[in-house]
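Just so you know, ligand 1 is whichever comes first in the structure, and atom 1 is the first atom listed for that ligand.
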Amino acid sequence: MPTLTGGTSGPEIEPECEVFFVATGTAANALALATLCRSYESVICHEFAHIETDECGAPEFFSDGSKLLLGRGPKGKLSAESVNTIVGKRSDVHFPRPRAVSLTQPTELGTLYAEDELSAIHATAETHCLRIHMDGARFANAVATLGAKPAEITWKQGVDVLCLGGSKNGLGIGEAIVFFNRDLAAGFDYRCKQAGQLISKMRFVAAPWLGALETGAWLRNAQHANAAAAYLDARLRTIQGVEVMFPRQANTVFVRLPEAVQQGLRRRNWQFYTFIGVGGVRLMCSWRTTTARIDALVKDIQAEM
Ligand SMILES: *Cc1c(COP(=O)(O)O)cnc(C)c1O
């Protein structure tokens, strides 16, 4: 997968990676994390991390009980300080030993870890011998905004394994698990099979990835989604009484809307979640969101306000 490791200019040698495909992001995260930890070890993640709030305990299940330790940080981003605090708390045999850090890029609140924030986590992880997992279900959206080469925000920042999303970026189905640390991939094919993730017609999952990567569609789709969210964000900010909750950095816009307005929108058949992170209405834009659709939503919000 050359576009993933394709790094900076010059004769630098790129590491090879091992790639596996699974059906869902939940399977990708759970199986990857199970590989990073023994059952008595633990994973530090943000309290709003998808692995904690939206995967029905799959990481704990597939890792035979590795505990998730919940950290904090502003705007949905785990801070290096919080990681330090958790690791420093205990080192006795009664406590599940921290062995990995999990970062979501972009986060569940639609924000992005900047390169210096990744570096700070990387340094902390090195100090404490923690491996780094990245939940990149919407990783392409992060690349589209940051303008960084994928290498700069993954293995060069110490990421051992990246769960790279396809389903949310225009592919029919399938997520790629990319091991930059190839030693960790030993036996992973068995783990996939045991978990029912060895898809017999794997070519139908893998082939679209080739097309998406070789044509650049993976990045164009993400750029489109981000641009749509930027447009939505700008339109919402013009409506009196609508509060945009976080800086828009990828394809997500969170807004606070009066309860009656939410109900009115649902009656008009708009669908959205209100249980993510800190509440508020989460509006997602995708590779196929149109300006017309956004205009229609904005018009309905205005009518309900
Ligand atoms: C959607 C998503 C996933 C994976 O979800 P599945 O429904 O299991 O494919 C994982 N992490 C994040 C941050 C997501 O947004």
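Atoms of ligand 1 lying under 4.0 Å from at least one heavy atom of Lys168, given by number and element, are 1 (C), 2 (C), 3 (C), 14 (C), 15 (O). Listed by number with element, the atoms of ligand 1 under 4.0 Å from a non-hydrogen atom of Arg138 are 15 (O). Less than 4.0 angstrom separates some heavy atom of Gly25 from each of these atoms of ligand 1: 4 (C), 6 (P), 8 (O), 9 (O). Here is the list of ligand 1 atoms found below 4.0 Å of a heavy atom in Thr104: 13 (C). Near Glu108, meaning under 4.0 Å from one of its heavy atoms, ligand 1 places the atoms 13 (C).
The aromatic rings of Phe21 and Trp209 lie tilted to each other, with the angle between the two planes from 30° to 60°.
Ion pairing between Asp300 and Arg268 holds under the 4.0 Å rule for side-chain N and carboxylate O. Using a 4.0 Å cut-off between charged nitrogen and carboxylate oxygen, Lys67 and Glu60 do not count as a salt-bridge pair. Asp295 has a carboxylate O that lies under 4.0 Å from a charged side-chain N of Arg235, or vice versa, which qualifies the two as a salt bridge.
Residue contacts with ligand 1, taken as heavy atom pairs separated by less than 4.0 Å, do not involve Ile51 at all.
For ligand 1, one of its N or O atoms has an N or O atom of Thr26 under 3.5 Å away.
Side-chain atoms of Tyr40 never come within 3.5 Å of backbone atoms of Val93 as a donor-acceptor pair (strictly under, hydrogens ignored). Of the possible donor and acceptor atoms, none in the side chain of Gln105 sits under 3.5 Å from a partner among the backbone N and O of Met134.
For the pair Arg266 and Phe272, the distance from NZ or CZ to the six-membered ring centre is under 6.0 Å and the angle to the ring normal is within 45 degrees.
Counting heavy atoms only, His50 comes closest to atom 5 (O) of ligand 1 of the residues His50, Glu175, Met284.
Nearest protein heavy-atom neighbour of atom 11 (N) of ligand 1: Asp135 OD2, 2.6 Å.
In this structure, Glu55 is part of the shell of residues with a heavy atom less than 4.0 angstrom from ligand 1.
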